[in-house]
Amino acid sequence: SRDAIIERIDEIPEIVNWHAILPSAIILVSDLSVKNLGRLLRNDEPSRYHFIIVRLERGNKIGWLPLSIWESINHPKPWDE
């Protein structure tokens, strides 16, 4: 469930921020590779939920989202900034 994945995200210190932008989409802010993020989310055990991790790169995205979401995507920051 969404709550289960958010609970798992909150347990991973390498994820410095996240933003739940849609019912089935969460932006993660981390310096880790998608491969390492996937491993951490699974916690080396069979997954209780399905997910896909995609690296967003500047200039290689388009969509219709609120400005605050685009700010999170284009200028990701840890919570303490």
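- Residue Ile52 holds its CD1 atom at 11.5 Å from OG of Ser24, rounded to the nearest 0.5 Å.
- Looking at heavy atoms from C-beta onward, Trp18 lies in side-chain contact with Ile6 at the 4.5 angstrom threshold.
- One hydrophobic cluster holds both Ile69 and Leu22 under the rule that ILVMFWY side chains link at heavy-atom gaps under 4.5 Å.
- Remark: of the listed residues Val29, Leu32, Leu37, Leu37 is the sole one forming a side chain to side chain contact (heavy atoms under 4.5 Å, CB included) with Ile15.
- The distance from the CG atom of Leu28 to the CD1 atom of Ile53 is 6.5 Å, given to the nearest 0.5 Å.
- Separation of atoms CG (Leu65) and CD (Glu71) is listed at 12.5 Å; rounding is to 0.5 Å.
- Contact check for Leu41 versus Ile9: side-chain heavy atoms found under the 4.5 Å cut-off.
- One finds the CZ atom of Arg55 at 10.0 Å from the OG atom of Ser30 (value rounded to the nearest 0.5 Å).
- Within the 4.5 Å cutoff, no side-chain heavy atoms of Glu14 are placed close to those of Asp31.
- Looking only at distances, a side-chain donor or acceptor of Arg8 sits under 3.5 Å from a matching main-chain atom of Leu40.
- Within the model, atoms CD1 of Ile5 and CG of Asp10 stand 11.0 Å from one another, a figure rounded to the nearest 0.5 Å.
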